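Working notes, structure below.
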2 protein chains.
Amino acid sequence: MICKSNKPRNADATKEAILEAARIAFSEKGIDGVGVREIAEAAGCNAALVNRYFGGKEQLFAAALVGAFDMSQLLELPKDQFAEAMAAYMVSKRTEHKTFDPMFLALRSIFNPSAMELVRQEIQTHVTDVYASWLDGENRQLRAAMIGSLFAGFYLSRFVMCSESMGFEHDETLAPLLAKTLQIYVEG
Amino acid sequence: MICKSNKPRNADATKEAILEAARIAFSEKGIDGVGVREIAEAAGCNAALVNRYFGGKEQLFAAALVGAFDMSQLLELPKDQFAEAMAAYMVSKRTEHKTFDPMFLALRSIFNPSAMELVRQEIQTHVTDVYASWLDGENRQLRAAMIGSLFAGFYLSRFVMCSESMGFEHDETLAPLLAKTLQIYVEG
DNA sequence: TTGAAATGTCAACATTCGTTTACTTGAGTT
DNA sequence: AACTCAAGTAAACGAATGTTGACATTTCAA
């Protein structure tokens with residue numbers, strides 16, 4: 001053998017590399033669109049290590065999902081600034097397809113039965129409940145869910161309808177439209 | 001052989017049976033979640049016939065998609081009744097998982113690259129453009145896309161967040177909320 | 001240095017998939 | 001009734017999947 005692997009062995013580092021590669025790959029192709037060999041190659045290791053460190057593909061997805069939805073900083077704003085700030089945030093997020101995006105991590109695997117349950121729990125505990133308790137008035141759960149619904153639908157539509165003729169790039173028109181919608185759900 | 005197939009041979013009928021089985025199966029499991037053998041079995045024929053009659057799985061999906069989005073009757077309403085009518089329509093549609101639903105036919109396969117292009121074209125020509133030309137005022141394409149976005153997000157959220165604690169079943173609360181949102185996009 | 005545990009590699013397993021080929025069975029025509 | 005072509009079936013192919021076990025290599029403590 002001429003070529004030996006000269007990089008030092010480090011379980012924690014490779015485990016983290018697998019996790020990072022998984023987050024990106026799952027975001028781009030979904031849990032059913034990417035194979036463990038592909039993830040392992042992106043992480044620079046062997047596919048068998050995925051099972052050794054995470055127990056399987058599904059549990060790797062679960063690990064990639066934890067902490068993906070941390071929207072706490074958005075909720076530190078005063079309520080009368082929230083709608084506008086979130087609209088600006090939604091508009092600003094471009095789907096470059098190359099950077100990790102927690103929204104797509106969830107969206108692209110949402111129809112895999114195992115993944116859906118994981119996503120559902122993660123969204124329920126870290127998004128909907130947080131929003132609901134932050135809101136005032138009645139029907140907080142429903143209004144929080146509608147905020148998430150608007151978020152998901154907007155992401156999905158802009159991703160699918162990427163055509164320039166749709167008008168999704170006219171931020172100065174889009175942002176107020178979104179803000180007005182969000183305001184409805186915030187006010188109740 | 002004791003048991004012979006006694007049903008008459010009919011190419012058009014089996015072709016239609018395959019198409020109908022495909023529409024249901026694709027709606028329930030997505031293009032990547034169902035196999036041609038499964039579809040053929042539901043249609044009561046052999047998997048090879050799928051390729052004989054449609055040329056392949058992807059073209060079968062394309063055939064299942066044509067005409068799925070016919071929203072023309074919703075647009076016959078006067079504009080001041082549209083938001084309320086569509087909100088009522090969205091609320092009334094329960095995702096029973098057993099009946100064919102064009103929205104899920106598109107949604108569940110949206111992240112398959114081949115299917116996404118087909119869905120995008122179908123939505124663009126049969127939904128967005130129709131809505132856009134129906135609307136008045138400025139930014140019609142964008143506002144039409146936002147109506148579709150709201151529609152998709154709502155379907156998706158209600159499907160994923162099927163928990164009873166979310167409030168998606170309180171039609172008397174949900175419908176006015178949706179109508180108020182739709183009105184924003186109709187008015188512009 | 002020696003031994004053992006940790007880390008990584010390799011090859012194979014058993015499925016499943018879409019698709020194709022060769023074949024059999026049926027219906028309609030002359 | 002015999003012939004013919006369409007309709008349907010069965011089996012196999014090649015590729016890709018997640019997963020596993022045996023094996024090799026490195027690391028580190030005794």
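Every chain is numbered from 1 and lettered A, B, ... according to where its sequence line falls, protein lines coming before strand lines. No experiment lies behind these values; they were computed from the predicted model shown.
Of the possible donor and acceptor atoms, none in the side chain of B/R108 sits under 3.5 Å from a partner among the backbone N and O of B/F26.
Candidate nucleotides D/dG21, C/dT19, C/dG26 were compared by shortest atom distance to the side chain of B/R9, and C/dG26 ranks first. The side chain of B/T14 has D/dG8 as its nearest neighbour among D/dT19, D/dG8, C/dG18. Among C/dC10, D/dA7, C/dT20, the nucleotide with an atom closest to any side-chain atom of B/R52 is D/dA7.
Atom C1' of nucleotide C/dT20 and atom CG of B/L49 are separated by 13 Å, given to the nearest angstrom. B/D12 places its CG atom 15 Å from the C1' atom of D/dG8, with the value rounded to the nearest Å. For the pair B/N112 CG and C/dC17 C1', the interatomic distance rounds to 14 Å; values are reported in whole Å. In this structure, the CD atom of A/E41 is 15 Å from the C1' atom of C/dT9, given to the nearest Å.
Residue A/A47 is classed as having no contact, given no heavy-atom separation below 4.0 Å to the nucleic acid.
Residue A/N46 has no polar side-chain atom (N or O) positioned under 4.0 Å from OP1 or OP2 of C/dG8.
A/V36 has its side chain out of reach of A/L60: every pair of non-hydrogen atoms, C-beta onward, lies at least 4.5 Å apart.
Hydrophobic cluster membership differs between B/M116 and B/V66, with clusters built from Ile, Leu, Val, Met, Phe, Trp and Tyr side chains linked at under 4.5 angstrom.
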